Amino acid sequence: MSTTAPSDKTASDVYPPSAEMVANAHIDAATYDEMYAASISDPEAFWGEHGKRIDWIKPYSIVKNTSFEPGNVSIKWFEDGTMNVSANCVDRHLATRGDQTAIIFEPDDPNEAAKHITYKELHAAVCKMANILEDLGVRKGDRVVLYLPMIPEAAYAMLACARIGAIHSIVFAGFSPDALGARINGSDAKVVITADYAPRGGRQTPLKSNADAALLHCKDSVKCLVVKRTGGQTTWVEGRDFDYNELSLEADDYSKPVEMNAEDPLFVLYTSGSTGQPKGVVHCSAGYLVFASMTHEYVFDYKDGDIFWCTADVGWVTGHSYIVYGPLANGATTVMFEGVPTYPDASRFWQVCEKHKVNQFYTAPTALRALMGQGNQFVEKCDLSSLRILGTVGEPINPEAWNWYNDVVGKGRCPIVDTWWQTETGGHLLTPLPGAHALKPGSAMKPFFGVQTVVLDPHTGEEIHDYPCEGVLCLKDSWPGQMRTVWGDHERFEKTYFGDYKGYYFAGDGCKRDADGDYWITGRVDDVINVSGHRMGTAEVESALVAHAKVAEAAVVGYPHDIKGQGIYCYVTLMNGVEPTDDLVKELRTWVRTEIGPIASPDVIQWAPGLPKTRSGKIMRRILRKIAENDYGSLGDTSTLADPSVVDDLIANRAG
Ligand code: 6R9
């Protein structure tokens, strides 16, 4: 059985790249070693060279000016250069690939025609949007909030903001009016761009009426630009609301890109931490774009003519970096999918791959587990021969999901890049490169170029130099894609990320580094539980549970236990059609004991028809911990859940 602690797996399950991959990929093992060494020994020279992958208006002479020193954290890359992100993602491709498709839009409803938008068409649409925004009074440095479905206009709006130097802040279309209002006010935005409705999974979210509700709590001067996606009915406030479709008929299709400093902010993206209100993560122009485009090219082994599909939403950082900025900076064809993996049925992802001949496919483990539970027939009926590289992001991938992805989706031919990174990091920090590294299921493998990962002892804060070892994952020095500050609160930035371990960026994740120097993320350190003095990653227990044939998904939390300190509380979703019985509880207990060891034996198993997840698919363990602790008076904010009713069900059926 393959689900043991990561460190025990390394010897057995290793998947070297095929000879063909090694021969054809951008980066082979020797090149990785050489480039990585160069990037660490002389970052100025390395990034000085790779900064040239984008077009500059005024070239930089200073490459790196960064400090992680307590009280003086400051991050600047290419600081005296000027450029424009929109020109880099659109204009510079016009001469060479103006008629190539930039964006393939695949609508929620498979019967609605897909759209192919060329770079020329993208240029015109972005310019029009830029002119509309300027007419609405938006100027360089102003904030614009986007609350949009996964439609091409979302990309137009991002690139239009970048073009005129406005700072966009995307709010995921699944967020509530309250969350939207807080973000409009938090960034003091001048304009909100939304749509009438967002079709998703056959249902329609009334975005405009959500925006109306949010705007009740915002300044009167905030304007609302509305894209007509469905043409459904909306209420209209004269003087405040503007019809994008109408205005774009008249708008000029040329807009001159504004000259931006490398360090001018490109976007703010709110993300939650373990405490407090969401933080506005600030990313700046040049360093971010260099890093997003370089990781996109090397990690996915992206080549000219490839069709690239990242299934994330543009409301998350993954959509920013790997649907829009990275691929478009590289002149790629990027797929934007409006729907969900299971609509109209569990075959949709694979049908879209077949239809658009996707070469690189990038998704989240949670989607894979959900699809895996539906059975292989949904994959097998599609022709997936165009796929060359598979990727995952968002959480540790359990070996069963990895193996399913590898065997059933990739047919053993497609390397899986397990990419570890964060909203804060702008792009991939740990990942295998497809032609360079032998893969280990569940390992995010190696640092990307210029990324100095270290493992610290969480108690002493000292670097651990041993192999293998375990500790907290930190970054010793800056990389160009790093966030620069928290919007409006640089002190919070310093405290959150540099306060725990002086001189290091602390990511909040724990990790193991094996004897080969490969990294295994063990999950957020706040998810670590201590059972009878044994430290255990909840991910390990989850991985063991989902390795059982009857288990579709599992979430594990610690709860106070009189004797052990913490006990292990498991929420288990069974495969379709499996009966939850007392015998199955016993069977799963025995299973986990044999998979990991008696110390990992679950104390409580609760059947969970659904798990509380954010709309980006992350399990909200905070809520699960509270239920396990029998403390549902203080569940906290559940407004960001995809389906809040899941929580009531879990409370009603609490075990023990
Ligand atoms: C890109 C993104 C960041 C947190 C991060 C970590 C978890 C992301 C992972 C992973 C294990 C991977 N995470 N990728 N854990 N393996 N390949 O997801 O950003 O939403 O900010 O989340 O997600 O815990 O700290 P974000």
Side-chain angles (χ1 to χ4, degrees), residues 6 170 172 174-175 267-274 278-283 288 291-292 295-296 299-300 310-323 325-326 362-369 390-399 401-402 405 416-432 439-448 451 453 472-475 481-483 486 496-497 500 505-513 518-528 537-540 542-543 613-622 640:
I170 308 191
F172 177 60
F175 277 126
F267 64 85
V268 180
L269 183 57
Y270 282 82
T271 189
S272 21
S274 42
K279 300 176 279 283
V281 168
V282 177
H283 281 288
Y288 169 80
F291 199 69
T295 47
H296 172 259
V299 173
F300 299 112
C310 162
T311 71
D313 191 283
V314 289
W316 312 119
V317 74
T318 307
H320 284 63
S321 300
Y322 300 111
I323 295 176
Y325 290 116
Y362 187 36
T363 197
T366 182
L368 295 172
R369 284 194 300 268
L390 301 173
T392 74
V393 57
E395 52 177 318
I397 181 164
N398 51 298
W402 195 98
Y405 202 22
I416 298 175
V417 289
D418 178 350
T419 60
W420 174 83
W421 60 296
Q422 312 177 293
T423 305
E424 294 88 338
T425 72
H428 307 143
L429 292 196
L430 283 173
T431 177
L439 307 172
K440 299 174 183 176
S443 170
M445 300 296 298
K446 301 280 189 201
F448 188 75
V451 173
T453 36
V472 292
L473 182 56
C474 287
L475 280 302
Q482 184 171 23
M483 75 183 281
V486 168
T496 307
Y497 301 103
D500 289 336
Y505 168 87
F506 172 43
D509 284 291
C511 76
K512 295 182 182 183
R513 188 172 55 204
D518 297 327
Y519 287 84
W520 302 72
I521 305 297
T522 48
R524 303 291 299 194
V525 288
D526 33 17
D527 293 336
V528 170
T538 50
E540 283 174 53
E542 289 166 7
S543 187
K613 289 186 188 164
T614 63
R615 292 175 178 98
S616 67
K618 287 202 169 57
I619 295 170
M620 285 194 68
R621 287 161 203 287
R622 176 175 57 80
T640 58

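One-based numbering, in listed order, for ligands and for the atoms of each. Excluded from the calculations below are hydrogen atoms, water molecules and symmetry mates; all remaining heavy atoms, backbone and side chain alike, are included. All values derive from a computational prediction rather than experimental measurement.
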Asks: Looking only at protein heavy atoms, which one is nearest to atom 11 (C) of ligand 1, and what is the separation?
Replies: Pro396 N, 3.0 Å

Asks: What residues, two or more places apart in sequence or in another chain, satisfy side-chain contact (heavy atoms from CB on, under 4.5 Å) together with Thr453?
Replies: Leu430, Pro447, Val451, Leu473, Leu475, Tyr519

Asks: Identify the protein heavy atom lying closest to atom 21 (O) of ligand 1, giving its residue, its atom name and the separation to 0.1 Å.
Replies: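 Sorting protein heavy atoms by distance from atom 21 (O) of ligand 1 puts Thr423 OG1, 2.6 Å first.
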
Asks: What residue and heavy atom of the protein are closest to atom 20 (O) of ligand 1, and at what distance?
Replies: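 Protein heavy atom with the smallest distance to atom 20 (O) of ligand 1: Lys618 NZ, 3.1 Å.
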
Asks: If the plane angle is over 60° it's perpendicular, under 30° parallel, otherwise tilted; pick one for Tyr325 and Tyr288.
Replies: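 Geometry flag for Tyr288 against Tyr325: perpendicular rings.
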
Asks: Note the single closest protein heavy atom to atom 5 (C) of ligand 1, along with its residue, its atom name and the distance in Å.
Replies: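 Ranking protein heavy atoms by distance from atom 5 (C) of ligand 1, first comes Asp509 OD2, 3.2 Å.
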
Asks: Using a 3.5 Å cut-off on N or O atoms only, is Gly394 in polar contact with ligand 1?
Replies: yes

Asks: Suppose I only count heavy atoms of Thr419 and a 4.0 Å limit; which atoms of ligand 1 are within that range?
Replies: 9 (C), 12 (C), 14 (N), 17 (N)

Asks: Who gets closest to atom 12 (C) of ligand 1 by heavy atom: Glu395, Met445, His320?
Replies: Glu395

Asks: Less than 4.5 Å apart, any side-chain heavy atom of Trp421 and any of Val317?
Replies: yes

Asks: Would Lys279 and Thr496 satisfy side chain to side chain donor-acceptor pair (under 3.5 Å), going step by step from the backbone distance to the final call?
Replies: CA-CA 10 Å; Lys279 300 176 279 283; Thr496 307; 5.0 Å; no

Asks: Does the side chain of Glu395 reach to within under 4.5 Å of the side chain of Thr366, using non-hydrogen atoms?
Replies: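 In short, these two side chains touch, coming nearer than 4.5 Å.
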
Asks: For atom 17 (N) of ligand 1, which of the options Thr318, Asp418, Leu269 provides the nearest non-hydrogen atom?
Replies: Asp418

Asks: Check each atom of ligand 1 against the heavy atoms of Val393 and keep those under 4.0 Å away; list them by number with element.
Replies: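 Heavy-atom distances to Val393 below 4.0 Å select 1 (C).
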
Asks: So, Thr425 and Tyr505: side-chain donor and acceptor under 3.5 Å apart, yes or no?
Replies: no

Asks: Just checking His428 against Phe300, ring centres under 6.0 Å apart?
Replies: yes

Asks: Where on Ala444 is there a heavy atom closer than 4.0 Å to ligand 1, on the side chain, on the backbone, on both, or on neither?
Replies: neither

Asks: Using a strict cut-off of 4.0 Å, indicate which atoms of ligand 1 neighbour a heavy atom of Ile521.
Replies: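 Ligand 1 atoms under the 4.0 Å threshold to Ile521: 11 (C), 15 (N).
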
Asks: Return the option from Tyr519, Trp421, Trp520 holding the heavy atom at the smallest distance from atom 4 (C) of ligand 1.
Replies: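 When every heavy atom of Tyr519, Trp421, Trp520 is considered, Trp421 comes closest to atom 4 (C) of ligand 1.
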
Asks: Take Trp420 and Asp509, measure what side chain to side chain donor-acceptor pair (under 3.5 Å) needs, and give me the verdict at the end.
Replies: CA-CA 10 Å; Trp420 174 83; Asp509 284 291; 3.2 Å; yes

